[in-house]
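What you see is a predicted model, and the numbers here were worked out from it, not measured in a lab. Letters go in sequence order (proteins before strands), and every chain restarts at 1.
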Protein chains: 2
Amino acid sequence: MSSVSISDVARRAGVSRATVSRVLNGSTEALVTQGTRTLVRQAVEDLGYHPSAIARGLAGKPMNTVGIILAYELPSVTTDPFLSPVLDGILAVSKRERQKTIIFVEDNWEDAFASLPVYCDGHCDGLVLVAPCTDSQIVGALQSGRTPFVLIGDSREMPGIAVADIDNVAAARLAVGHLLAQGHRRIAALCGNRELLSSHQRLQGYTEALAEWNVPQDNSLILPGQYWEASGSERARLLMELPIGQRPTALFCQNERIAVGALEGLLSLGIRVPQEVSIIGIGDYPAMIGATPALTTVHIPLRKVGERAVEMLLSHVQQSPEREERTILTGWLIERGSTAPPVCDIS
Amino acid sequence: MSSVSISDVARRAGVSRATVSRVLNGSTEALVTQGTRTLVRQAVEDLGYHPSAIARGLAGKPMNTVGIILAYELPSVTTDPFLSPVLDGILAVSKRERQKTIIFVEDNWEDAFASLPVYCDGHCDGLVLVAPCTDSQIVGALQSGRTPFVLIGDSREMPGIAVADIDNVAAARLAVGHLLAQGHRRIAALCGNRELLSSHQRLQGYTEALAEWNVPQDNSLILPGQYWEASGSERARLLMELPIGQRPTALFCQNERIAVGALEGLLSLGIRVPQEVSIIGIGDYPAMIGATPALTTVHIPLRKVGERAVEMLLSHVQQSPEREERTILTGWLIERGSTAPPVCDIS
DNA sequence: TTGTAAGCGTTATCAC
DNA sequence: GTGATAACGCTTACAA
């Protein structure tokens, strides 16, 4: 294939390499005669020439490559209900914009931090960090470098840092607000990984919703944990050990994996959902659509987040004048079968 | 971050760039004095130097990057039950071997063929083609180039072409053999996309199994189609329009998406599975585990195929002496609830 | 053991 | 308009 270089083309066309380059890069169309132009084109065609991305990279041109960094310890990256749509969005826009996509998978953000030099070794024009740990040093390190980057799922306000994320506070407020509107007053919060910002934001949404409805917050109903099914079922079971009066009548699960786990936990205890306890999650993950009863949830446009992240990154890379700094997308409530008004406990 | 070059390090350490390069590449450890060695190391440390991948690429060193090419027209790459485990395997091994992974997603193999120059522009040391279309010119073109490549899911015998795949013939024989052993004699074959080799191989397995049991093949029971749910339900319905005596008592679905569709189709017609009609698929896709009744299937180790593909590719890239050319992995039967002996039709 | 210099395939800055 | 020529950052003979 390649191995035919610009010099070969130049020789064949009887011109200099510079001219070939000019024809190919079409800079200011007028700089080359129509004649030599076609001459060069012909030579390119004959030889099957294609420029080396590496060489032009070295010469200062963009590599047309975006790097995606994600930390994931489990064996399957593609089936994570959060990552999966985000990746799809990223890949879709990358393709549309004719960008190559390098996927860097690390076990955790410490490893990712250690690999920073690799991400910035010239291969990529810019980076997308998917849901970095709040306490990772990576963002700071990246800031003092020259590689443009965009954060997904870490929307703290930081001056000059580009972010694409969903509005976690609003999503949680929507979910908890729905429960409150149905009459629930004892609502447990099953939180996600505390090292992820989303978890704090969703807890804040919970707090805000309660405040809005003038319902006092009972901290014993706020349970830390992980964004996983097992963590959900475990906590759901735990809550059901409470004396009946102190039991929550509804569970606000910070994502849908927790919700699925919680549902399973309750059902295994013979507790009926939503008749005895309501469950709501955040995510609307396609993989969880089969749950019975179907889970009421807040849909969050994750694919869109992935899309916007790449779009923002490219606008940074290309130094567009109107580059956006923050894209925060909002979700919407989807009522299904796992929530209902509480039976007797409208206190 | 970067922008500090090898010259800076050389200057700081008071040596030549060549020496720095020697220290860093550790070629034949003895070539540099312990003294200068530490001197250089120190300078590297102080300046936070990291070599530019593109520069060393230009200089002829490997880029430590593998390219993955897949054609996929639907919006979600990550949720395809075939692609997903393959990708996971690829990503896992890439990570383990410290290779960067570039994912090239194309709408179809014609587009992929057209993009060949991009794949081979120096970015990647080698390529993995996931399930290329049998009639795509891409394999031929790649063959006349110098970029090493491995095929996944296209195990035709081609001299000198590296392949990782599952044994489709054996998988199909396993599935159909199971139905035959249960007493089925009228077994329909719901085929997958004919432009994929797997479909032909699975049909061959069907034929072989019938022959093995001395059951004459009825070509009217062989239905072409696609590897999708809709194509499965459509054909299942069609088959049920046959007069009762000509109806198949079992459906051999060439993958599990077809099987899920077929199941749905039969149930919607009020036909009981497996009491009236048995269904078997190939795949054992995690996403389809919730079907009722649970689908009997042939598990195929797709993740492993992805893993082996990258391992093989790297052994080619690194010119290992013992490089494998073909890895064909076999699946195994998983009996679940969608197959049972036929009621009356043991002819 | 170390330095010098050529080369990898481009692009860009000059002259002409 | 076009052609030398010098970068770009690194590796690697070849000299010393």
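One interatomic measurement links the two molecules: NZ of K61(A) to C1' of dT11(C), which rounds to 7 Å at whole-angstrom precision. Distance CD1 (I6(B)) to P (dT12(D)): 11 Å, rounded to an integer number of Å. Distance CD (Q34(B)) to C1' (dT2(C)): 16 Å, rounded to an integer number of Å. Atom CD1 of I54(B) and atom C1' of dT11(C) are 13 Å apart (whole Å). Taking atom CG of residue D8(B) and atom P of nucleotide dC8(D), one finds them 11 Å apart after rounding to whole Å. Between H123(A) atom NE2 and dG9(D) atom P there is a gap of 17 Å when expressed in whole angstrom units. Summarising the geometry, the separation between CZ on R22(A) and P on dA12(C) is reported as 11 Å, rounded to the nearest angstrom.
Of all nucleotides listed (dG3(C), dG9(D), dC10(D)), dG9(D) comes nearest to the side chain of L58(A). Which of dT11(C), dA4(D), dG3(C) sits closest to the side chain of R17(A) comes down to dT11(C). Out of dG3(D), dT11(D), dT2(D), the shortest distance to the side chain of T36(A) is found at dT2(D). Relative to the side chain of R56(A), the nucleotides dT10(C), dC10(D), dG3(D) differ in distance, and dT10(C) lies closest. Nearest to the side-chain atoms of T33(B) among the listed nucleotides dT1(C), dG9(C), dT2(D) stands dT1(C). Of all nucleotides listed (dT2(D), dT11(C), dT10(C)), dT2(D) comes nearest to the side chain of V32(A). For A59(B), counting side-chain heavy atoms from C-beta on, the closest listed nucleotide (dG7(C), dA4(D), dT12(D)) is dG7(C). Closest approach to the T19(A) side chain among dT11(C), dG9(D), dT2(D) is made by dT2(D) (side chain taken as heavy atoms from C-beta onward).
In terms of phosphate contacts, S21(B) brings a side-chain nitrogen or oxygen within less than 4.0 Å of OP1 or OP2 of dT11(D). Taking only side-chain nitrogens and oxygens, S16(B) comes nearer than 4.0 Å to OP1 or OP2 of dG3(C).
In the model, N193(B) has a side-chain atom that pairs as donor or acceptor with a side-chain atom of E195(B) under 3.5 Å. Checked by atom type, the side-chain pair S320(B)/S315(B) shows no donor-acceptor distance below 3.5 Å.
Of the possible donor and acceptor atoms, one in the side chain of D80(A) sits under 3.5 Å from a partner among the backbone N and O of L83(A).
Contact of R37(A) with dG1(D) (side chain to base): no donor-acceptor pair of N or O atoms is detected under 3.5 Å.
In this structure, the side chains of D8(A) and R11(A) come closer than 4.5 Å at one or more pairs of heavy atoms.
Of the charged side-chain nitrogens involved, none lies within less than 4.0 Å of a carboxylate oxygen, so that E307(B) and R96(B) do not count as a salt-bridged pair.
Comparing A55(B) and G35(B) along DNA chain C, the residue whose closest nucleotide (by nearest heavy atom) sits nearer the 5' end is G35(B).
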